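Remember, it's a predicted structure, so these values are computed and weren't measured experimentally. The chains referred to below are lettered A, B, ... by the order of the sequence lines, with proteins before strands, and numbering in each begins at 1.
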Amino acid sequence: MSSLADQLAASIQALVAAAINNGELSGTAPDSIVLERPKNRDHGDYATSIALQLAKAAGKNPREVATLLQSAIAALPGVSKVDIAGPGFINITLDRANQAELVRTILSNSAKYGHGDALNGVTVNLEFISANPTGPLHLGHTRWAAVGDALGRVLKAAGANVVQEFYINDRGRQMDLFGQSVQAAAQGLPIPEDGYQGEYIKDLAKEVVASNPGISTSEDFREAAYKVQLAQQQGVLNVFQTHFDIWFSERSLHESGAVEHGLDKLREQGHVFELDGAIWLRTTDFGDDKDRVLVKENGELTYFASDTAYYINKRERGADICIYMLGADHHGYIHRLRAVSACAGDNPDYNIHVLIGQLVKIMEGGEEVKLSKRAGTIITLEELVEKVGVDAARYTLIRYPVDTPMVMDIDVLRSNTNENPVYYVQYAHARIAAVLRNVAELKIPTGLENFDPSQLTHDRENELLGTLAEYPRIVASAAELREPHRVARYLEELAGVYHGFYADCRVLPLGDEAVGPIHSARANLCAATMQVIANGLSLLGVSAPERM
RNA sequence: GCGCCUGUAGCUCAGUCGGAUAGAGCACCUGCCUUCUAAGCAGGUUGUCGCUGGUUCGAUUCCAGCCAGGCGCGCCA
């Protein structure tokens, strides 16, 4: 499904190519042409600067080039007017009735409207959160829980086969400390130095002892507490509407021989060497600032060895693209992970993509809440949801690009005002639902057979249609750039445009006014808008309420 | 020292194939509900887009160098 703008852009591209072929223009035709939606409404429905770009090679001034293309563009189907403005911009105004056909497209595609095929046949492994199973998920994980899940939905909408995966670090020193900490708490002994101090350890200890009478060794405590803690994380993520297809255990990686297999594969590729009794991967061949140890002098595997094997494992399980979502404190991993990909014989520019999320600060009562494990002021995902609800938390976390540090203001998120954009968007949806309930009650005919696009000629209707038409491009770019926040920002714009339409364009008949085609047309336009808002919110994992 | 990220209105932040007069919300004023959800709409005020150069018809956007802030640089996990 290609949008009207895409079709138009392709047609114009063909016109340019033709002009060059028949000698009207010199130079080379661009592969594609960008049609943008002008900020200024006087500049038409779409605009392109193609004439300015072609001018130099053509040896003509930009306005001449634009003039050359003008009449041919005006003759394209659906175009009503073409103006040349400023230094040579081509401003295109669409035929309004033709544009309104979009309502049919949206309503007949319903939940599929906006989906694309850019990633058809591509399998994407999306790994995020990947916390240690040694405690509750906290704010640092929360951003990824929301953004990662939303990105997964966006990638699926672009046609990808997405595997959302959580890597459980259930092996190594942290797990042992965790077991010892729970054991100490259960036995009334002091928690070991470097151990886990939180109150939750005591709760875990009680629960473990209650369900495992006679438990005594730290290994048993570790295993029992691990199960409980992991289940707790899974439960919270479930409440947070964050789905994982695979919970991948680091232990299983070792037990299955995948680590050895990964090392073999790297050896075959010739980037492994020995030095000082250790086994190294020559990541400096591919941009890392130092080589990395895989097997220590004492024979133990490093954590890096697991990471490496895990990457290879993902690829062998069918992932074409492995996306990693890491916290800012792990940004040092970018180079080495990309180097791993290259060392395994892959193309790091395609097969691996590392996203780094900056930190989230939290404000409450006008003050920043300092997060400290020691002081016990860690905010967990569970607490955040209790405070502000799933929708507000998810939406707020998603609406900012991940590479900006963000501040969450708890008081704002709790408020039912415009400061809280999720309500602005949801309100538009609920408002439409209310209108459509009234439409049904008044028996205004709404089927597409009753839809007359030529009724929709008001500026507000035109603006709304134009915004609805943008949705597929937004989804496609969000997927391509791995930036789900674009969907949220778009929905805010769409909601605003709808509210403007609503203020100026009455949907229901007033007073004794007879029901006519205008009412049916607007009701369908409302339904189409509601569909797009619902589609967008579902990509964010945020509910679309019928009533508020 | 090296690397990643950030610097846009009083505050929180949008703005990637370089485009026309740089946007939104909040805050501060002014209007709009005896018929669709006022959690809304319309209007007003706010800017050396960190600084300096470069690339060109044109730069908040691309490049280089500075300045400021955050974070990271283990045979730790």
Worksheet item: Can A/His330 be classed as stacking with the base of B/G72, given a centroid separation cut-off of 5.5 Å and a plane angle cut-off of 30°?
Response: no
Item to complete: Taking the six-membered ring for Trp and the full ring for Phe, Tyr or His, determine whether the centres of A/Tyr427 and A/Tyr424 are under 6.0 Å apart.
Response: no
Discussion item. In whole Å, I'd like the distance from the OH atom of A/Tyr490 to the P atom of B/C13.
Written reply: 26 Å
Fill in: Distance between C1' atoms of B/A9 and B/A24 (Å, rounded)
11 Å
Response to the item:
Checking N1-N3 plus N6-O4 or O6-N4 for Watson-Crick, or N1-O2 and O6-N3 for wobble, each under 3.5 Å, the partner of B/G18 is none
Discussion item. Please report the distance separating the P of B/A42 from the corresponding atom of B/C4, rounded so that it comes out in whole Å.
Written reply: 44 Å
Worksheet item: When you compare B/C17 with B/U21, how far apart are their C1' atoms, in angstrom units rounded to a whole number?
Response: 24 Å
Discussion item. Applying a 4.0 Å non-hydrogen cut-off, can you work out what A/Phe304 is touching in the nucleic acid: base, sugar-phosphate, or nothing?
Written reply: nothing
Worksheet entry | Pairing nucleotide - B/A42, Watson-Crick or G-U, each distance under 3.5 Å | B/U30
Practice prompt. Go through B/C71, B/C17, B/C75 for me and flag the one nearest to the A/Val34 side chain.
Written response: B/C17
Fill in: Nearest-angstrom distance, P atom, B/G50 to B/A22
15 Å
Discussion item. From C-beta outward on A/Arg547, which listed nucleotide comes closest to its side chain: B/U37, B/G19, B/U12?
Written reply: B/U37
Practice prompt. Grab the two heavy atoms, one from A/Asn169 and one from A/Pro133, that are nearest each other, plus how far apart they are.
Written response: O-CD, 3.3 Å
Worksheet, complete the sentence: Rounded to whole Å, CG of A/Asp289 lies from P of B/C4 at a distance of 10 Å
Worksheet item: Which heavy atom in A/Asp285 sits nearest to a heavy atom in A/His271, and how many Å separate them?
Response: OD2-ND1, 3.6 Å
Discussion item. What's the closest nucleotide to the side chain of A/Ala503 if the choices are B/A39, B/C41, B/C13?
Written reply: B/C41
Discussion item. Can you see if the side chain of A/Arg506 gets near the phosphate of B/C41 - specifically, an N or O under 4.0 Å from OP1 or OP2?
Written reply: no
Item to complete: Using the six-membered ring for Trp and the full ring for Phe, Tyr or His, decide whether A/Phe89 stacks on the six-membered base ring of B/A20 (centres under 5.5 Å, planes under 30°).
Response: yes
Practice prompt. Search all heavy atoms of A/Leu397 against all heavy atoms of A/Ala146 and return the closest pair with its distance.
Written response: CB-CB, 3.8 Å
Discussion item. So which atom in A/Gln426 and which in A/Val542 form the shortest heavy-atom distance, rounded to 0.1 Å?
Written reply: NE2-CG1, 3.6 Å
Item to complete: With sequence neighbours left out, write down each residue that passes salt bridge (charged side-chain N to carboxylate O under 4.0 Å, His left out) with A/Arg222, or none if nothing qualifies.
Response: A/Asp176
Worksheet item: B/C71 pairs with which nucleotide, Watson-Crick or G-U wobble, both distances below 3.5 Å?
Response: B/G3
Practice prompt. Name the pairing partner of B/A59, where a pair is Watson-Crick or G-U wobble with both distances under 3.5 Å, or state none.
Written response: none
Fill in: Under 3.5 Å on both distances, the Watson-Crick or G-U partner of B/C66
B/G50
Discussion item. Ignoring hydrogens, what is the shortest heavy-atom contact between A/Ala85 and A/Asn91? Give both atom names and the distance.
Written reply: CB-ND2, 3.4 Å
Discussion item. If you only use heavy atoms from C-beta on, which nucleotide in B/G72, B/C36, B/A39 is closest to the side chain of A/Tyr423?
Written reply: B/A39
Worksheet item: Can you tell which of B/C71, B/G40, B/C57 lies closest to the side chain of A/Leu52?
Response: B/C57
Worksheet item: Just how far, in rounded Å, is C1' of B/C4 from CD of A/Gln358?
Response: 8 Å
Item to complete: Using the C1' atom as the reference point in each nucleotide, state the distance between B/U30 and B/A14 in Å, no decimals.
Response: 27 Å
Worksheet item: Given the P atoms of B/A68 and B/C51, what is the spacing between them in whole Å?
Response: 15 Å
Worksheet entry | Between B/A38 (P) and A/His499 (NE2): distance, integer Å | 9 Å
Discussion item. Rounded to whole Å, how long is the line connecting atom CZ of A/Arg437 with atom P of B/U35?
Written reply: 19 Å
Worksheet item: Which base, if any, makes a Watson-Crick or G-U wobble pair with B/A9, both distances under 3.5 Å?
Response: none
Worksheet item: A/Arg486 has a side chain; which of B/A38, B/C36, B/U16 sits nearest to it?
Response: B/U16
Worksheet item: If we take the P atom in both B/G70 and B/C29, what is their distance in whole Å?
Response: 36 Å
Practice prompt. Please state the P separation for the pair B/C2 and B/A20 - nearest whole angstrom.
Written response: 37 Å
